[in-house]
Chemist: 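Have a look at the structure that comes next, please.
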Amino acid sequence: MKYRDLSTFQLDVLREVGNIGAGNAVTALSQLLNRKIEMTIPSVNVVSFDEMMELIGGPEKKVVAILFRIYGDAPSNVFFVLSVEEAELLIRTMTNNPTYKLKEDLGKESIEFSALEEVGNIVTGSYISALSDFTHLYLQPSVPHLGIDMAAAVLTYGLIDISQASDYAIVIDSKVNSQGTSNMLKGNFFLLPNPDSLQIIFKALGLEENE
């Protein structure tokens, strides 16, 4: 199955998975940050890799990206992507440090690194759990890999396997809004199943390729 072959109905199914995952993530993030969190209704799009770069500000935009490999019955890649400014806002909220500035060489033992990884774990775990519940497939996220670099550099690392079979990706994109601050936190969540995994997922859902 190729990404461009997805029907409107199949995209709607993935959007529903995204809705449930977003709801789970909102609850967990609200508890973690001790404030009300909102997520926009996820949009589902089929985009080229270049278009994916543009969604987060262009290939030269410096971003904070948390990558997960999804192992099991339907191998995939997951990104949770924040701009540097959004990552700083998130860390300020979690550490109660209103003047924090992000360092590019975050140590893995630092509080800031742990905070970003924890948010990535919550958001990714919520979406993958929803997908697993829908499909009854075994899906297991890897440990997170956090990178701070230009979008082209950090995203290409996670797209190598997919690019061998396709030039397109399916993207479930949500915005995370944290209330109680002067700014809004807007993180982007990208779920990129391997091309063969799409067929496995839709078969598990009882959907034919041409629906």
Side-chain angles (χ1 to χ4, degrees), residues 1-30 36-57 65-82 119-141 155 158-159 161-163 165-177 184-211:
M1 177 183 292
K2 297 183 181 298
Y3 290 116
R4 287 295 191 188
D5 294 336
L6 295 183
S7 68
T8 300
F9 183 62
Q10 289 168 332
L11 290 173
D12 285 342
V13 171
L14 290 175
R15 188 176 294 108
E16 181 60 22
V17 172
N19 281 332
I20 294 174
N24 294 340
V26 162
T27 300
L29 286 174
S30 295
K36 185 177 180 181
I37 301 293
E38 295 179 348
M39 278 193 179
T40 59
I41 297 174
S43 61
V44 178
N45 297 292
V46 180
V47 298
S48 69
F49 294 158
D50 288 341
E51 290 169 331
M52 182 179 172
M53 298 288 182
E54 292 303 320
L55 286 175
I56 56 176
I66 307 172
L67 167 67
F68 295 82
R69 304 284 191 181
I70 307 301
Y71 301 106
D73 296 329
S76 307
N77 292 314
V78 163
F79 288 101
F80 184 63
V81 183
L82 299 162
V119 172
N121 277 323
I122 287 173
V123 174
T124 298
S126 297
Y127 279 99
I128 297 306
S129 177
L131 183 59
S132 181
D133 289 345
F134 256 71
T135 59
H136 302 291
L137 295 173
Y138 172 71
L139 303 172
Q140 180 62 47
L155 295 184
L159 296 174
D161 294 338
I162 297 174
S163 64
S166 173
D167 293 327
Y168 295 90
I170 185 167
V171 179
I172 300 177
D173 186 15
S174 293
K175 303 294 184 183
V176 183
N177 299 330
M184 304 299 283
L185 171 65
K186 299 178 181 178
N188 295 282
F189 177 85
F190 300 102
L191 171 62
L192 297 91
N194 294 355
D196 290 344
S197 295
L198 279 177
Q199 186 171 359
I200 293 170
I201 290 170
F202 287 124
K203 184 177 179 180
L205 291 168
L207 300 177
E208 298 296 331
E209 290 187 27
N210 58 357
E211 285 194 57

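Here the structure is a predicted model, which is why all the values come from computation and not from measurement.
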Chemist: Can any side-chain N or O of D73 pair as donor or acceptor with the backbone N or O of Y138 at less than 3.5 Å?
Modeler: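 Yes, D73 side chain to Y138 backbone: donor-acceptor pair under 3.5 Å.
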Chemist: Which heavy-atom pair separates A204 from T135 by the least distance, and what is that distance?
Modeler: CB-O, 3.5 Å
Chemist: Does the side chain of E16 come within less than 4.5 Å of V13's, by heavy atoms?
Modeler: no
Chemist: What is the distance from atom OG of S197 to atom CG of N77, rounded to the nearest 0.5 Å?
Modeler: 9.5 Å
Chemist: Is any side-chain heavy atom of L131 closer than 4.5 Å to a side-chain heavy atom of L191?
Modeler: yes
Chemist: With a 4.5 Å cut-off on side-chain heavy atoms, are V78 and Y127 touching?
Modeler: no
Chemist: Nearest 0.5 Å, what's the CG-CG distance between N19 and N24?
Modeler: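 These two atoms lie 11.0 Å from each other.
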Chemist: Begin from the C-alpha positions of I20 and F134 and carry the test side-chain contact (heavy atoms from CB on, under 4.5 Å) through to its verdict.
Modeler: CA-CA 10 Å; I20 294 174; F134 256 71; 2.9 Å; yes
Chemist: For F68 versus P141, what's the shortest heavy-atom pair and its separation?
Modeler: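 Closest approach of F68 to P141, heavy atoms only: CD2-CB, 4.3 Å.
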Chemist: Identify the two heavy atoms, one from A74 and one from I201, that lie closest to each other, and give their separation to 0.1 Å.
Modeler: CB-CG1, 3.9 Å
Chemist: Can you tell which of V123, I70, D133 makes a side-chain contact (heavy atoms from CB on, under 4.5 Å) with I128?
Modeler: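 Result: among V123, I70, D133, I70 is the only option passing the side-chain contact (heavy atoms from CB on, under 4.5 Å) with I128.
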Chemist: Report the C-alpha separation of L155 and F190 in whole Å, then their side-chain angles, then the decisive distance to 0.1 Å, and conclude whether the side-chain contact (heavy atoms from CB on, under 4.5 Å) test is met.
Modeler: CA-CA 11 Å; L155 295 184; F190 300 102; 5.6 Å; no
Chemist: How close do A28 and I122 get, heavy atom to heavy atom, and via which atoms?
Modeler: CB-CG2, 3.4 Å
